[in-house]
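Residue numbers start from 1 in every chain, and the chains themselves are labelled A, B, ... in the order their sequence lines are given, proteins ahead of strands.
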Number of protein chains: 2
Amino acid sequence: MTDPAAKLDAPPRKMSRETRRQQLIEATIETLALRGYASTTLTEVARTAGLSHGLVNFHFETKEKLLAETLLFLSEEYRLNWQTYLQAAGPTPAAQLHALLRADLDPAICRPSRLSAWLAFWGEAQGRPMYQARAGVNDETYNTQMEGICARLIAEGGYTGSPIRIARIIRLTTEGVWLDMITMRAPYDVAESQATIYTCAATFFPRHFGPDGLA
Amino acid sequence: MTDPAAKLDAPPRKMSRETRRQQLIEATIETLALRGYASTTLTEVARTAGLSHGLVNFHFETKEKLLAETLLFLSEEYRLNWQTYLQAAGPTPAAQLHALLRADLDPAICRPSRLSAWLAFWGEAQGRPMYQARAGVNDETYNTQMEGICARLIAEGGYTGSPIRIARIIRLTTEGVWLDMITMRAPYDVAESQATIYTCAATFFPRHFGPDGLA
DNA sequence: GAATTTTGATTGACAGACCAGTCAAAATCT
DNA sequence: AGATTTTGACTGGTCTGTCAATCAAAATTC
């Protein structure tokens with residue numbers, strides 16, 4: 001039939017390569033979060049995306065590649081997010097640390113499906129160098145940034161202590177509240193997470209931070 | 001043959017139920033750590049234990065039950081360890097916090113196979129209430145203890161701050177250095193982990209702790 | 001004390017289920 | 001019409017759980 005209205009109403013059956021790939025990556029994240037790594041099957045990913053099983057292999061060739069690309073996407077999404085926050089921040093180390101902390105609480109990053117998918121990957125990454133390599137590079141640049149900011153804040157703000165260890169504790173606290181939130185071992189919300197993170201920052205840099213944010 | 005020497009040298013083919021179960025649980029931990037949750041098969045567990053595949057089902061009925069018992073074992077081992085350290089500590093809150101921190105660095109707990117197995121479980125625990133329930137109970141008593149100790153240390157030591165948040169940050173720092181050590185995102189050894197944890201404690205309680213332990 | 005029976009752990013082959021990857025045919029777009 | 005995407009049945013392989021047979025030790029009998 002050549003009814004133009006029907007054609008416009010129905011979503012196009014064929015979509016661009018990039019759109020389909022992104023759709024399948026999002027479905028993979030959802031499936032990982034909902035069912036875990038071990039129960040994530042290609043059929044389930046396809047069903048979540050509303051597509052057929054064969055399409056996954058058509059666009060990604062193997063399950064391994066789909067998962068690797070999904071991890072890469074998560075990694076890039078995370079890196080892009082904090083780098084955007086950092087560029088928008090002023091030149092002072094306090095403002096930059098504030099930016100990094102807010103970045104990790106951004107709703108695009110700090111939501112259950114994203115965090116659970118991360119955890120599913122970490123749980124399975126042992127002995128799989130491919131996963132570690134992909135995600136490790138971004139981690140390293142993040143750590144370097146955080147350590148540099150802490151070092152400048154210590155120097156300019158008249159604090160003492162090891163910038164590497166302080167940067168590490170702040171990073172571990174951020175990662176830790178994520179884990180708490182998704183595993184619900186100690187149930188609390190984003191507001192309490194934020195307060196915990198800033199309490200940590202305020203303990204190291206009391207003249208620049210308070211439990212509620214920048215002093 | 002009735003040669004006593006031969007009997008003592010060769011391991012007995014039949015062993016008690018409890019011994020075999022423990023042997024299989026240890027093999028499960030090793031396999032989880034080495035290959036991850038998704039690649040942990042009953043055949044691989046049996047091979048690690050030097051036994052046949054059928055024995056696993058004989059002793060544990062299902063794979064699910066084997067994994068649940070393994071998680072329970074890890075959980076109990078952890079709880080027993082810190083409770084032992086805590087009982088050996090004096091009555092002061094500083095000594096008790098010191099005991100809890102040293103407990104988490106005990107070689108029985110803080111070794112790759114144990115930590116990797118924990119991570120494999122957490123990665124797969126989403127949407128599986130059974131795992132969360134088993135391990136969650138012990139976590140809760142640990143948190144309660146830690147919060148109580150921090151509350152007393154704040155009160156008696158003349159500190160300020162929220163005991164719940166401070167206890168949380170110390171716990172997250174301990175868990176975080178474990179994760180760092182097994183994922184090797186930021187490679188460092190146990191000595192550096194210990195220094196990081198005590199740096200954290202020293203920041204909250206500077207008159208009682210230093211970067212190297214109790215002040 | 002030797003021979004025999006009983007008990008219960010142990011093995012490995014097998015069946016049923018599930019999954020990743022393939023591919024020919026169908027549908028859709030240009 | 002030709003090119004490209006999409007489908008779903010099919011295949012080969014792997015895993016879990018079952019089970020009949022085996023075997024060593026303990027119990028019992030002679």
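In terms of the salt bridge (Lys or Arg N to Asp or Glu O under 4.0 Å) criterion, residue partners of B:Arg79 (sequence neighbours excluded) are, by chain and number, B:Glu76. Every salt bridge (Lys or Arg N to Asp or Glu O under 4.0 Å) that A:Arg35 has, sequence neighbours left out, goes to A:Glu44.
Summarising the geometry, the separation between NZ on B:Lys63 and C1' on C:dC18 is reported as 13 Å, rounded to the nearest angstrom. Rounded to whole Å, the distance from CZ on A:Phe58 to C1' on C:dA27 is 13 Å. Here D:dT4 presents its P atom at 20 Å from CG of A:Leu51, a figure rounded to the nearest Å. One interatomic measurement links the two molecules: CG of B:Leu55 to C1' of C:dA9, which rounds to 7 Å at whole-angstrom precision. If you measure from atom CG of A:Leu66 to atom P of C:dA20, you get 10 Å, rounded to the nearest angstrom. Atom CZ of A:Arg17 is separated from atom P of C:dT28 by 19 Å (rounded to the nearest Å). Rounded to whole Å, the distance from CG on B:Asn57 to C1' on C:dA13 is 14 Å. Going from atom CZ of B:Phe60 over to atom P of D:dG17 covers 13 Å, rounded to whole Å.
Within the 4.0 Å cut-off from OP1 or OP2 of D:dT6, at least one side-chain nitrogen or oxygen of A:His59 is found.
If you check the side chains of A:Tyr78 and A:Asp139, you find no donor sitting under 3.5 Å from an acceptor. In summary, the side chains of A:Tyr188 and A:Asp180 do present a donor paired with an acceptor at a separation below 3.5 Å, with no hydrogens or angles considered.
Heavy atoms of A:Ser52 sit under 4.0 angstrom from at least one base atom.
With hydrogens and angles ignored, a donor-acceptor pair under 3.5 angstrom links the side chain of A:His53 to the base of C:dG21.
Each of A:Ser39 and A:Glu61 was assigned the nucleotide of DNA chain C with the nearest heavy atom; the assignment lying further toward the 5' end belongs to A:Ser39.
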